[in-house]
Amino acid sequence: MYYLGIDLGTSATKFLLVDEKGNIIKELTKEYDLIFPQPGWSEQLPGDWWKACTEGIPELVRDIDASQIAGIGCGGQMHGLVALDAQDNVIRPAILWNDGRTFEEVDYLNNVIGKDKLSEYTANIAFAGFTAPKILWMKKNEPGNYAKIAKIMLPKDYINFMLTGVHCCDYSDASGMLLLDVKNKKWSREMMDICGLNDSQMPQLFESYEVVGTVKPEIAEMLGLPQAKVVAGAGDNAAAAVGTGTVGAGGSNISVGTSGTLFISSDKFGVDPNNALHSFAHADGGYHLMGCMLSAASCNHWFCKQILQAEKFTDQDQIKEENLGKNHVYFLPYLMGERSPINDTDARGTFTGITMDTTRYDMLQAVYEGVAFAMRDSLEVAKSLGIKIERSNICGGGAKSALWRKIDANVLGIPLDMVKTEQGPGYGAAILAMVGTGLYPSVQAACDDLVEIVSTTEPDPELTALYDEAYKKYREIYPALKPVFKKIK
């Protein structure tokens, strides 16, 4: 039997065909555009996601007996507001996770409704990327569109809807909407009242590995699929955690993708009292804490494409390893504002310490190091909560760079493990489909059997000490510039 894993990303959707032993038989990617209507805004057309599926899935299954596909799972970018009207038509472009327009709504939620109340209702406070502030923005700024809303869902849920006709959402993805009572795994009545929503507008909730329906006959014929079972899937970070085996109590995964995350899995519900880390449900049926930075590997993409005017910048060997930990240039990776732990939509990216002898290699090194330092900010919050992270898995596009992994391991001061399969969210989604169709009794059992560590990057004590001192300097930059950011937004 085969299983189809879909990773609905910000710049592209990736498709994986996986056999019942966990081997990736085929993979492909379909790209699409981002829309930036105004500075700090970020949108996408849900139709482009579905077009990627209608082109990618037939190509993926072309050379196999597609009747042997047993299940489909989808992991996807979180928080994006997808609004449908009464005829299930998309009302407006989806407002994405890295969109910063909702600063007024975030201020209202955190300071008028109050962070304590939000934490009581949802286990989290408001961040600009979350879905509830976007609904309030839409209510204020697009009342005509707001009045048309018949269903609200998240990006990967739109794909599941198009496949099955079912309005659904899983607990892990719903956790990032600021509409879910995470502890009790139900929609928060208080938050729905604040946003002016009713039960009929909300999708049905499922565990990530639960079957929501089967592929509709007409869609199955169009895509070359059987009427396979479709599971609820998960938010990309929870799906990536499954794909790297970060399930159960005490696991950790670091993702260096478009965004960056520190993901800490748990079998028990818990909340960061300062709300610097998100408290979400996990795709394995448990819970997790997560620190999220809005720009990670995307910083490298920006620097190479926009600044160096190169599609790729592969001269990493020009960064001399003896210069690691000794760079005089520092980079704040706040290109889209920042979430964890500072929650500041006004924050911006900066290079600091540039001199006449600064090279582009110094600046590239600073980008790598700045992303690692920002990840350490979340790690330090976890430490302050008494959470001991002695090692972590690592995944994402940035993790493919041995140099970046070395910087990460030494900035964080922990060993970083790479798993055999790099396609974290898509592979995790396929594992969820295996569980949902009965191949495995639980997500834990599937991960124990399928996920394999193939390499480990160990920190070097001397280099870690150098980065400890560099991190202290890095920590002083944002507080010094915070008042300036407010003036130049």
Side-chain angles (χ1 to χ4, degrees), residues 46 76 78-92 94-97 99 101-158 160-161 166-208 210 212 232-235 238 269 271 275 278-281 287:
M78 298 179 69
H79 314 304
L81 172 59
V82 181
L84 305 184
D85 65 17
Q87 289 73 45
D88 288 325
N89 297 314
V90 175
I91 295 171
R92 69 168 331 280
I95 306 175
L96 299 191
W97 59 273
D99 186 285
R101 77 184 69 183
T102 60
F103 54 90
E104 290 183 357
E105 289 74 22
V106 168
D107 182 69
Y108 166 75
L109 288 168
N110 284 335
N111 299 315
V112 178
I113 300 299
K115 293 181 180 179
D116 290 344
K117 286 293 185 183
L118 295 180
S119 188
E120 176 187 342
Y121 300 154
T122 71
N124 296 280
I125 61 173
F127 289 79
F130 283 8
T131 317
K134 296 168 186 171
I135 295 169
L136 291 176
W137 180 91
M138 194 172 170
K139 183 178 182 180
K140 177 181 178 181
N141 295 278
E142 298 179 353
N145 283 336
Y146 174 84
K148 297 177 184 177
I149 295 176
K151 272 291 185 295
I152 285 170
M153 58 180 60
L154 297 167
K156 65 103 174 58
D157 303 327
Y158 182 72
N160 285 341
F161 167 70
V166 178
H167 300 104
C168 57
C169 188
D170 79 291
Y171 294 115
S172 76
D173 215 359
S175 298
M177 297 177 78
L178 204 69
L179 293 169
L180 186 76
D181 175 352
V182 174
K183 181 179 181 180
N184 297 302
K185 292 188 174 180
K186 63 181 183 180
W187 296 119
S188 165
R189 172 55 55 193
E190 295 87 353
M191 288 305 303
M192 288 172 62
D193 289 344
I194 289 168
C195 293
L197 301 174
N198 58 58
D199 291 338
S200 69
Q201 293 171 297
M202 306 307 295
Q204 184 179 351
L205 289 166
F206 294 85
E207 292 288 358
S208 297
E210 289 183 323
V212 302
F269 172 77
V271 177
N275 295 115
H278 308 321
S279 178
F280 290 170
Y287 297 91

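Note that these values count all heavy atoms, side chains included, but never hydrogens, waters or copies made by symmetry. If you read the sequence from its start, that first residue is 1, and numbering goes on from there.
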Any heavy-atom pair between the side chains of K185 and L205 that's under 4.5 Å? no

Is there a side-chain contact between I91 and M138, using heavy atoms and a 4.5 Å cut-off? yes

Closer than 3.5 angstrom, by distance alone: can the side chain of T122 be matched with the main-chain N or O of L178 as a donor-acceptor pair? no

Has S188 got a side-chain atom pairing as donor or acceptor with L179's backbone, closer than 3.5 angstrom? no

Derivation and outcome, side chain to side chain contact (heavy atoms under 4.5 Å, CB included), residues D107 and E104: CA-CA 5 Å; D107 182 69; E104 290 183 357; 5.7 Å; no

Partner of H167 under side chain to side chain donor-acceptor pair (under 3.5 Å), chosen from D88, D157, N160: D88

Would you check if the distance from the ring center of F127 to the ring center of H278 is below 6.0 Å? yes

Please find the pair of heavy atoms, one from M78 and one from D173, that lie closest to each other, and give the distance. CG-OD1, 3.3 Å

Nearest 0.5 angstrom please: L109 CG to M191 CE, how far? 5.5 Å

Is there a donor-acceptor contact under 3.5 Å from the side chain of S208 to the main chain of A232? no

Closest approach of A94 and V82, non-hydrogen atoms and distance? CB-CG2, 4.1 Å

For the pair D199 and R189, find out whether any cationic side-chain nitrogen is under 4.0 Å from an anionic carboxylate oxygen. yes

E190 vs K117 side-chain heavy atoms within contact, under 4.5 Å: no

Side chain to side chain contact (heavy atoms under 4.5 Å, CB included) for L84 and N89? Distances and angles first, verdict last. CA-CA 5 Å; L84 305 184; N89 297 314; over 6 Å; no

How many angstroms lie between atom SG of C168 and atom NZ of K156, to the nearest 0.5 angstrom? 7.0 Å

Does any part of the side chain of I95, heavy atoms only, come nearer than 4.5 Å to the side chain of W137, both counted from C-beta? yes

Going from CE on M202 to CE on M192, what distance comes out if it is rounded to the nearest 0.5 angstrom? 5.5 Å

For residues N141 and E105, determine if any side-chain heavy atom of one lies less than 4.5 Å from a side-chain heavy atom of the other. yes

Flag if over 12 foreign heavy atoms under 6.0 Å of NZ, K183: no

Pairwise side-chain contact, V106 with F130, heavy-atom cut-off 4.5 Å (strictly under): no

Counting only N and O atoms by type, is there a donor-acceptor contact under 3.5 Å from the side chain of N124 to the main-chain atoms of S279? yes

Looking at Y146, is K140 sitting on its ring face, NZ or CZ under 6.0 Å from the six-membered ring centre and within 45 degrees of the normal? no

When you look at CG of D116, are more than 12 heavy atoms from neighbouring residues, nucleotides or ligands closer to it than 6.0 Å? no

Here the gap from T102 atom OG1 to Y108 atom OH, rounded to the nearest 0.5 Å, amounts to 14.0 Å

To the nearest 0.5 angstrom, please state how far the CD1 atom of I194 sits from the CG atom of L118. 6.5 Å

Using a strict threshold of under 4.0 Å (side-chain N to carboxylate O), is an ion pair present between K134 and D99? no

Flag, side chain of W187 to backbone of P203, donor-acceptor distance under 3.5 Å: yes

What's the separation between atom CG in L81 and atom CE in M177, rounded to the nearest 0.5 Å? 7.5 Å

Kindly determine whether Y121 and D181 satisfy side chain to side chain contact (heavy atoms under 4.5 Å, CB included), including the steps that lead there. CA-CA 6 Å; Y121 300 154; D181 175 352; over 6 Å; no

Of all the heavy-atom pairs spanning G235 and D170, show the shortest one and how long it is. N-OD1, 4.0 Å

Tightest non-hydrogen contact, residues S119 and N275, listed as OG-ND2, 3.7 Å

Do K148 and N145 have side chains that get closer than 4.5 Å, going by heavy atoms? yes

